Amino acid sequence: KQEVTQIPAALSVPEGENLVLNCSFTDSAIYNLQWFRQDPGKGLTSLLLIQSSQREQTSGRLNASLDKSSGRSTLYIAASQPGDSATYLCAVTKGERNTDKLIFGTGTRLQVFP
Amino acid sequence: NAGVTQTPKFQVLKTGQSMTLQCAQDMNHNSMYWYRQDPGMGLRLIYYSASEGTTDKGEVPNGYNVSRLNKREFSLRLESAAPSQTSVYFCASQLQGALYNSPLHFGNGTRLTVT
């Protein structure tokens, strides 16, 4: 059974720091991996999607990497800002035929203080 | 540009009552999903609809039913609410299924409490 783990569960950093959030999964047979952001009381917003054949994706100050063989992904946030404070979740799509199901991690709650 | 709209935003039910959570998307997406989010458990898939006219069970379907009314709307029904169904419910949609590598779009959630 695919399990997705995110460590740490919570992180507090001063503004301006570069930081890395981690996501690990137990079954390397994934089709893609997505990183989401969730603000308090809101739904999830898709940040980056990495296909299984890709190693990384970048969007602005965000860079996500994927190492399927080791079952790991990282989300790198450069020059963090208070507006980056949110919970970040990763999710993998199982590499099975005819499936539309994502398996989510429990998230890392990030606080960036001024 | 509404995206994915869920109603109601909040609901309190007594054990045994029924209710329907509504979801609509205006992005012409084919696939729609219902998730529940519980502390320490992450998001878990309840039901999904890969296209209009089809629905399938997810990880935690017991106690729920769904209807894909048309391409835009996907509703979730609790026939006899139980305290274990206290949760935040999210509807999501996607242009195609996950295998086509299109991102998932979420609504803002329905916070349900069953007493």
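Heavy atoms only: backbone and side chains are in, while hydrogens, waters and symmetry mates are out. Keep in mind it's a predicted model, so treat the numbers as computed, not measured. Protein chains get the first letters and strands the later ones, always in sequence-line order, with residue 1 at the start of each.
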Applying a criterion of heavy atom separation less than 4.5 Å, what residues of residues 53-73 of chain B form contacts with chain A?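 Those residues of residues 53-73 of chain B which have a heavy atom under 4.5 Å from chain A are B:K57, B:E59.
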
What residues of residues 106-115 of chain B sit under 4.5 Å from chain A when you count only heavy atoms?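 Within residues 106-115 of chain B, the residues under 4.5 Å from chain A are B:F106, B:G107, B:N108, B:R111.
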
Supply the atom-to-atom distance A:F104 CZ to B:R44 CZ, rounded to the nearest 0.5 angstrom.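 Rounded to the nearest 0.5 Å, the CZ-CZ separation comes to 13.0 Å.
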
How long is the straight-line distance from OG1 of A:T106 back to CG of B:D38, given to the nearest 0.5 Å?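 Here the rounded value is 12.0 Å.
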
Applying the 4.5 Å side-chain criterion to the ILVMFWY set and letting contacts propagate, would [X] and [Y] be lumped into a single cluster?
| X | Y | value |
| --- | --- | --- |
| A:V13 | A:W35 | yes |
| A:L49 | B:Y33 | no |
| B:L21 | B:M32 | yes |
| A:L66 | A:Y88 | yes |
| B:V88 | A:F36 | yes |

Please state whether the side chain, the backbone, both or neither of A:L48 comes within less than 4.5 Å of a heavy atom of chain B.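 No part of it gets close to chain B.
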
Can you tell which part of A:L44 gets under 4.5 Å to a heavy atom of chain B, answering side chain, backbone, both or neither?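 Both backbone and side chain.
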
Residue pair B:F90 / A:Q38, side-chain heavy-atom distance below 4.5 Å: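 The answer is yes, as the side chains (C-beta and beyond) meet within the 4.5 Å cut-off.
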
Check: B:Y35 and A:L102 side chains under 4.5 Å, non-hydrogen atoms: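 SC-SC contact between A:L102 and B:Y35 confirmed.
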
Under 4.5 Å from a heavy atom of chain A, the part of B:Q6 involved: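 Neither; nothing under 4.5 Å.
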
Heavy atoms from other residues, nucleotides or ligands near CZ of A:R61 exceed 12 (cutoff 6.0 Å):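 Count over threshold, so yes.
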
Who wins among B:H105, B:Q37, B:K9, B:M41 for the most heavy-atom pairs under 4.5 Å with chain A?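 Top count of heavy-atom pairs under 4.5 Å with chain A: B:Q37.
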
Winner by heavy-atom pair count (cut-off under 4.5 Å) against chain B, out of A:G41, A:G107, A:G105: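 Maximum pair count with chain B is reached by A:G41.
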
Locate the shortest heavy-atom distance separating B:L104 from A:S46; write the atom from each residue and the value.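 Shortest heavy-atom separation between B:L104 and A:S46 comes out as O-CB, 3.8 Å.
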
